[in-house]
Amino acid sequence: MKIHIISTINGLENEGMRNIATHLSREFEKEHTVTYSSLKDVPSIIRNGRKSDITLVFARLVKSVYYMLRFLRPFLNKICVVCVQPVSDEFSTLNCKHKVADYCLALCKSDAEKAFDDSIIHTFPVGINTEKFKVNIDSRQELCEKLNLPTDKTIVLHVGHCSKGRYLEEMVTLDKSKYHPIIIASGMFDDDDTIKTLQDGGVDLRFGFVENIEDYYNCADVYFFPTKSSEFVISVPLSCMEALSCGTPVVAYKSFDKLSLIKTTDSKAFVLIDTLQELPDAVDNAKLLKSESSYLYNPENWSAVSDDIISALNNILE
């Protein structure tokens with residue numbers, strides 16, 4: 001199959017959509033011909049799209065992407081959009097009037113069903129490299145020393161980007177004499193006010209892509225996921241899965257109900273809260289649940305996810 005991918009892939013796995021696009025592209029390349037175009041390079045999109053059986057679009061489905069696809073549709077063969085967050089209302093309304101995609105791959109069906117007919121939506125799971133993200137309790141003390149992390153405080157970790165709306169500022173409220181809140185920030189979508197609040201509030205903020213991010217998950221006592229809305233994060237957060245795979249329990253808000261899409265071996269893997277006032281007690285309770293084995297139930301690797309998607313794409317190309 002000749003696959004054309006429209007994305008902002010840069011070889012790094014430092015953001016949800018890009019992480020998924022990077023992993024799937026690597027798998028596709030093993031057996032198929034894959035070409036790439038950036039979202040803004042229209043000549044490249046037309047050139048590569050014409051020579052390909054199908055074009056996969058890894059982008060948030062908003063109004064501007066709709067109009068881009070409407071313009072490009074006559075030049076491309078089949079178009080498949082990849083939906084990892086709820087489709088915007090504007091895209092949904094426009095697409096219901098004039099369809100711009102032949103197929104939709106979605107992490108969560110409810111994210112896409114307002115915009116696309118049920119018959120063209122295929123849900124796929126998030127993959128995870130369980131050889132990379134695994135429990136390493138025996139080396140925790142050594143890892144903490146290597147990463148300059150304390151061993152006499154409860155380490156509360158978050159991995160992601162410092163944009164508005166993710167509620168990372170809530171980590172400032174943790175008592176620094178008892179807890180060590182740390183954020184590994186991708187450096188993407190950064191908001192200066194958020195960064196200042198975190199730094200002024202004593203949060204250990206470290207920027208940039210970390211190749212061995214699993215070391216941080218293993219050092220952490222608890223993973224904190226403060227986001228309350230799908231507007232600011234993909235529907236199945238990879239960071240939560242990676243933490244769970246390393247045996248680290250997750251504290252999160254009940255309002256982000258899509259966390260239920262992550263299947264775990266124990267319901268205690270998630271400690272859910274309603275309000276910020278519950279955070280300290282939730283962290284203390286979650287800390288006791290640090291596991292010597294993965295909390296993920298029967299996770300898929302990226303190769304299996306790729307095979308599932310290729311099978312679905314073959315069906316629409318027949």
Side-chain angles (χ1 to χ4, degrees), residues 3-28 36 38-39 54-66 68-69 79-92 95 100-116 118 120-129 133 159-161 163 165-166 186 188-189 225 227-245 250 252 256-263 296 299-302 304-306 308-310 312-313:
I3 302 171
H4 172 220
I5 290 178
I6 301 176
S7 179
T8 53
I9 294 174
N10 65 353
L12 301 182
E13 301 154 16
N14 56 356
E15 184 267 333
M17 171 71 88
R18 183 173 293 177
N19 194 327
I20 290 173
T22 298
H23 278 106
L24 289 177
S25 298
R26 288 173 180 167
E27 294 298 327
F28 294 158
Y36 299 90
S38 70
L39 284 165
I54 192 162
T55 293
L56 268 61
V57 184
F58 288 86
R60 182 75 189 274
L61 299 181
V62 296
K63 183 170 69 172
S64 58
V65 172
Y66 172 85
M68 178 193 76
L69 293 178
I79 297 176
C80 173
V81 293
V82 182
C83 175
V84 301
Q85 289 175 272
V87 180
S88 75
D89 290 339
E90 290 176 319
F91 186 105
S92 297
N95 193 62
V100 293
D102 300 289
Y103 208 57
C104 173
L105 298 171
L107 289 182
C108 177
K109 192 170 186 178
S110 63
D111 286 346
E113 58 190 5
K114 287 198 303 182
F116 304 100
D118 185 75
I120 68 167
I121 300 174
H122 176 79
T123 58
F124 69 98
V126 171
I128 189 166
N129 182 352
F133 297 102
V159 176
H161 45 81
S163 60
R166 292 171 67 94
S186 66
M188 300 178 64
F189 316 118
F225 186 76
T227 307
K228 303 175 180 69
S229 167
S230 296
E231 179 69 22
F232 302 98
V233 65
I234 67 174
S235 295
V236 182
L238 278 77
S239 64
C240 289
M241 292 185 63
E242 291 166 356
L244 293 168
S245 190
V250 175
F256 193 82
D257 56 2
K258 287 178 181 176
L259 288 175
S260 62
L261 296 172
I262 301 176
K263 304 305 178 185
L296 292 183
E300 299 272 15
N301 59 35
W302 287 107
V305 175
S306 171
D308 172 71
I309 289 174
I310 289 297
L313 296 181

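Please read these numbers as outputs of a predicted model, since none were measured by experiment. Values reported hereafter were calculated over all heavy atoms of this structure, with side chains retained and with hydrogens, waters and symmetry mates removed.
Between the side chain of S92 and the backbone N or O of S88, at least one donor-acceptor pair lies under 3.5 Å. Side-chain atoms of N95 come within 3.5 Å of backbone atoms of V100 as a donor-acceptor pair (strictly under, hydrogens ignored).
Residues R166 and K228 have side chains not in contact (no heavy-atom distance under 4.5 Å, counting atoms from C-beta outward). A 4.5 Å side-chain heavy-atom check between V84 and I20 finds at least one atom pair inside the cut-off. Counting heavy atoms from C-beta on, the side chains of Y103 and L56 never come closer than 4.5 Å. H122 places none of its side-chain heavy atoms less than 4.5 Å from the side chain of L313. Inter-residue side-chain proximity for V57 and I79 is flagged as met; some heavy-atom pair is nearer than 4.5 Å. Taking the side chain as every heavy atom from C-beta outward, H4 and I54 never approach each other to under 4.5 Å. Counting heavy atoms from C-beta outward, F58 and I6 have side chains that stay 4.5 Å or more apart. Counting heavy atoms from C-beta outward, D257 and L259 have side chains that stay 4.5 Å or more apart.
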Side-chain donor-acceptor distances from residues 236-245 under 3.5 Å, at least two apart:
unit_1 : atom_1 : unit_2 : atom_2 : d
S239   : OG     : Y223   : OH     : 2.7
E242   : OE1    : Y217   : OH     : 2.8
S245   : OG     : F133   : O      : 2.6

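Atom OG1 of residue T55 and atom CG of residue L69 lie 9.5 Å apart, to the nearest 0.5 angstrom. Separating the CD1 atom in I3 from the OH atom in Y36 is a distance of 8.5 Å, to the nearest 0.5 Å.
In this structure N301 satisfies the side-chain contact (heavy atoms from CB on, under 4.5 Å) test together with S303, A304, sequence neighbours excluded. In this view, F256 and F225 satisfy the ring-ring contact (aromatic ring centres under 6.0 Å, His included) rule, not counting sequence neighbours. Scored by the side chain to side chain donor-acceptor pair (under 3.5 Å) test, N129 finds no partners at all (sequence neighbours excluded). In this structure, K263 has no salt bridge (Lys or Arg N to Asp or Glu O under 4.0 Å) partners at least two apart in sequence or on a different chain. Considering only residues two or more places apart in sequence or on other chains, P86 meets the side-chain contact (heavy atoms from CB on, under 4.5 Å) condition with D111, S230, S235, K258.
The minimum heavy-atom distance linking P125 with V305 is given by the pair O-CG1, 3.5 Å. Closest heavy-atom contact between A21 and S25: O-OG, 2.6 Å. Across all non-hydrogen atoms, the minimal contact from I234 to M17 is CG2-N, 4.0 Å. When all heavy atoms are compared, the tightest approach of L105 to C80 is CG-SG, 3.6 Å. Residues C83 and V87 share a closest heavy-atom pair of SG-CG2, 3.8 Å.
Under the 30°/60° scheme for interplanar angles, the aromatic rings of F91 and F116 are found to be tilted.
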Notebook entry, point to check: Taking it one step at a time, do W302 and V126 satisfy side-chain contact (heavy atoms from CB on, under 4.5 Å)?
Noted result: CA-CA 8 Å; W302 287 107; V126 171; 4.2 Å; yes

Item checked: Verdict with reasoning, L39 to S7, per side-chain contact (heavy atoms from CB on, under 4.5 Å) -> CA-CA 6 Å; L39 284 165; S7 179; over 6 Å; no

